[in-house]
Amino acid sequence: MNRRTRLACGLAALPLLLAGCGAPGSGGERAEPAESASPARKPKPPPLDAGLDYQLGGAYRPDDDVQVVVRDHGARPARGLYNVCYVNAFQAQPGARGWPEELLLRDSGGREVIDEDWDEVLLDLSTEELRRAAAARVGRWIDGCAQRGFDAVEPDNYDSFTRSDGLLDAADAQAYLALLVERAHSRGLAVAQKNTAELAADRKRLGLDFAVAEECGQYEECGVYDRAFDGRVLVVEYTEKGLERACEAADGRLSVVLRDRDVLPEDEEGYVRGAC
């Protein structure tokens, strides 16, 4: 099930999507690719039980209790905090037709396979050649994350194979994600598993460093991520009930935040942020 939040910047800045949409509040800056880079440090996962904010809808000054911030790859990291860089790695956002046609998944009738919840075309990851081509393009975003000074990367839509009408499977997703992990680690970035609790047990084999789990409290899955990632889990909830359950499961380890579903900036109506 896709429980991913809507990426507001993707809907507001369609022309910038492929190169990196600038989240509101980020000045619209694009992440420039680094042709070559070497890690300044060993990839390091986020701290346990940290104050968390999930700022995909627009960058703003974090509250004083925040230690970890997740922002879109078109934004700048927050100074002095642990910063996670979001990339939509498995699907093409609406209007992002800069992707080569051969990398867009199509059914037997030649129709694009769409994630209907978000109007995003799935990437075709069915062969090693296609996976490497897609990873090379997303890898340039990852390079930009490192260049900007982020600490980690969150590749979204790991679970897109479940929406592929059987054209892709978990092995395709994992083989592709392993390529992204290799690229990110070579740039000194830690890598998150995004949702997809059913594959959490494979995280060490893929080299994943932590998890970003949406609504694991709401769906009572936090324990799965906690066990697989030794507590290195960033939990994002969108309901008070989900927050309550996530906080009960946190046990002084998991980092938990309550956000509005549109992850709005704090100066917009409808903004919500809470914590345990």
With a 3.5 Å distance limit and no angle check, can you tell me whether Asp53 reaches the backbone of Gly51 through a side-chain donor-acceptor pair?
no
For Phe210 and Tyr82, take the angle between the two ring planes, folded into 0 to 90°, and tell me which bin it lands in: parallel under 30, tilted 30 to 60, perpendicular over 60.
perpendicular
Counting only N and O atoms by type, is there a donor-acceptor contact under 3.5 Å from the side chain of Arg232 to the main-chain atoms of Pro46?
yes
Glu248 bridged to Arg245 by N-O distance under 4.0 Å:
no
Would a distance-only check, ignoring hydrogens and angles, find a side-chain to backbone donor-acceptor pair under 3.5 Å from Arg71 to Tyr60?
yes
With hydrophobic residues grouped by side-chain heavy-atom distances under 4.5 Å, do Leu208 and Val235 end up in a single group?
yes
Under the side-chain contact (heavy atoms from CB on, under 4.5 Å) rule, what do Glu101 and Arg106 come out as? Steps first, then yes or no, please.
CA-CA 10 Å; Glu101 289 295 316; Arg106 297 179 184 277; 2.3 Å; yes
Arg253/Asp230 ion pair, N-O < 4.0 Å
no
Ala133: side chain to side chain contact (heavy atoms under 4.5 Å, CB included) partners, not counting sequence neighbours:
Leu103
Does some side-chain heavy atom of Leu168 sit less than 4.5 Å from a side-chain heavy atom of Asp124?
yes
Passing option when Val256 is tested against Cys222, Cys216, Cys276 for side chain to side chain contact (heavy atoms under 4.5 Å, CB included):
Cys276
I want to check something: taking the side chain as every heavy atom from C-beta on, are Gln55 and Pro62 in contact at a cut-off of under 4.5 Å?
yes
Would you say Tyr176's side chain and Ala89's backbone share a donor-acceptor pair under 3.5 angstrom?
yes
Output yes when Arg259 and Glu214 qualify as a salt bridge under the 4.0 Å nitrogen-oxygen rule, no when they do not.
no
For Ala170, enumerate each residue passing the side chain to side chain contact (heavy atoms under 4.5 Å, CB included) test, keeping only those at least two apart in sequence or located in another chain.
Phe161, Leu199
Report yes or no: does Asp63 contribute a side-chain atom to a donor-acceptor pair with the main-chain N or O of Asp65 at less than 3.5 Å?
no
Whether the side chain of Asp159 engages the backbone of Thr196 through a donor-acceptor N/O pair (distance < 3.5 Å, no angle test) should be reported.
no
Are the side chain of Asp115 and the backbone N or O of Glu120 linked by a donor-acceptor pair below 3.5 Å?
no
Can you name the side chain to side chain contact (heavy atoms under 4.5 Å, CB included) partners of Ala184, sequence neighbours left out?
Ile142, Val153, Leu189, Val191
If we ignore hydrogens and angles and just use 3.5 Å, is the side chain of Arg203 paired with the main-chain N or O of Ala228 as donor and acceptor?
yes
Check this for me: does any side-chain nitrogen of one of Lys44 and Asp151 sit under 4.0 Å from a carboxylate oxygen of the other?
no
Please name the pair of heavy atoms, one in Leu52 and one in Val257, separated by the smallest distance, quoted to 0.1 Å.
O-CG2, 3.2 Å
